[in-house]
Amino acid sequence: MQANGLDERTNLLVEEYSTSGRLDNITQVMSIHTQYLESFLRSQFYMLRMDGPLPLPYRHYIAIMAAARHQCSYLINMHVDEFLKTGGIAEWLNGLEYIPQRLKNLNEINKLLAHRPWLITKEHIQKLVKTGENNWSLPELVHAVVLLAHYHALASFVFGSGINPERDPDTSNGVRLIAVNNFCVCDLANDNNIENASLTSSNFGIADSLSELEALMERMKRLQEDKEDEEASQEEMATRFEKEKKESLLVISGAFDDEIVSTDVSRYIEDPGFGYKDFARRGEDHLPTFRAQDYTWENHGFSLVNRLYSDIGHLLDEKFRMVYNLTYNTMATHEDVDTTTLRRALFNYVHCMYGIRYDDYDYGEVNQLLERSLKVYIKTVTCYPERTTKRMYDSYWRQFKHSEKVHVNLLLMEARMQAELLYALRAITRHLT
Ligand SMILES: CC(C)C[C@H](N)C(=O)O
């Protein structure tokens, strides 16, 4: 890393340490991408600590409820502390039975948002805002929704980057260490690449992975060159999306055994068995398509959110743009590479799994650029983050640097957050009209 890049990173970390009194592992890992970290911290600081519709302890409790949907003890513990520090009532930490009804009413939207946001309708919104004494004002509800989406997505980042302990196959009783494993901070922040990682696996496969990389770059190049010549028809484009969506539903991610949720976590959730629909298991494949141009973040979501909870729209917008455009023009050891097509494919594939379609995007590209093991990883990190394993992390893009895999995680996290927001905000708009 260049000297001034390093300075910038150090300054940001020093600043973060002096305002919050800690430097958690999330911040350290994200600091590999300093510019992004800055917009991340800014929006997180705003939603947690600045003036806003919800009281401070509520914000942390909502973060706990969100993280619990993915059994993310790491985030839960962090916000349990913050909840108490900001004056939260300790009794609430015994679980959902101890919290006010109003807060409890968020359960349903938390659950849908986390796992099947396409099911959120204006009726859900109506119910929350019109329940007599326990009602939520729209600004409060928007604040809550932003927090929920932020923490669901952050749980994806935490598991996707190995910030949580990996599941130890021997602890079949479901007990997990709450401590943070050191796969993240020591290795990722130092950006050890495959040479080090491969010490644990065998050297066999290096040649394969090298040629995989070359082949991927070749495909990217071809796609960029062919863009102008080949214009698929509208129908053809729609068919390609539907095909990709259908296939994504069948990608199997991790073990299907019913997870045992520890009581530390289960006390904060209702209906723990509810997850991203297991299409593969049920043999069903219906997920409605959301046409992105009918309700875009830029034209609709952004202004609604900004109107109801001032300035958060700008902060989120800046963060989305930042992650979407972030590039170092590198691919593993290669430099000066235009990686736009690959980064778009990652982002759009996440939206595809949530049924969101951009009609000017050719989903054939997803298929050409994202190999199977990467799709498994994306689906797991996005939809069932708690099932992510180190093996999944290691099995794709074996030539790439850890910083690039963290970059992938940033894209997945933000794409997921945006997808959740789009569905929730569309429902709020429908409620208002
Ligand atoms: C996710 C990676 C493929 C990103 C790439 N290293 C870039 O700088 O654009």
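Numbering of ligands and ligand atoms starts at 1, following listing order.
- Residue-to-ligand polar distances keep Trp397 apart from ligand 1: every N/O pair is separated by 3.5 Å or more.
- Listed by number with element, the atoms of ligand 1 under 4.0 Å from a non-hydrogen atom of Arg343 are 9 (O).
- Here Glu212 pairs with Arg398 in a salt bridge; the nearest charged N to carboxylate O distance falls below 4.0 Å.
- If you look at Val337 next to ligand 1, there are no close heavy atoms at all, none under 4.0 Å.
- Close contacts of ligand 1 with Thr327, meaning ligand atoms under 4.0 Å from a residue heavy atom, involve 7 (C), 8 (O), 9 (O).
- Atom 8 (O) of ligand 1 has Tyr328 N, 2.6 Å as its closest protein atom, hydrogens excluded (heavy atom only).
- For atom 5 (C) of ligand 1, the candidate residues are Asn409, Leu346, Thr330; the nearest heavy-atom contact is made by Thr330.
- Using the six-membered ring where Trp is involved, Tyr295 and His300 have ring planes that are parallel, under 30° apart on the 30 and 60° scheme.
- Under the 4.0 Å criterion applied to side-chain N and carboxylate O atoms, Arg321 and Asp317 are assigned as salt-bridge partners.
- Cation-pi check for Arg42 over Phe45 is not met; the charged atom does not lie both under 6.0 angstrom from the ring centroid and within 45 degrees of its normal.
- Between the side chain of Lys405 and the backbone N or O of Tyr393 there is at least one donor-acceptor pair closer than 3.5 Å.
- The aromatic rings of Tyr361 and Tyr363 sit perpendicular, their planes meeting at an angle over 60°, well past the 30° parallel limit.
- The heavy atom nearest to atom 9 (O) of ligand 1, out of those in Thr339, Leu216, Asn325, Leu410, is found in Thr339.
- Which parts of ligand 1 touch His407 is read off a 4.0 Å heavy-atom cut-off, strictly below it: atoms 1 (C), 4 (C).
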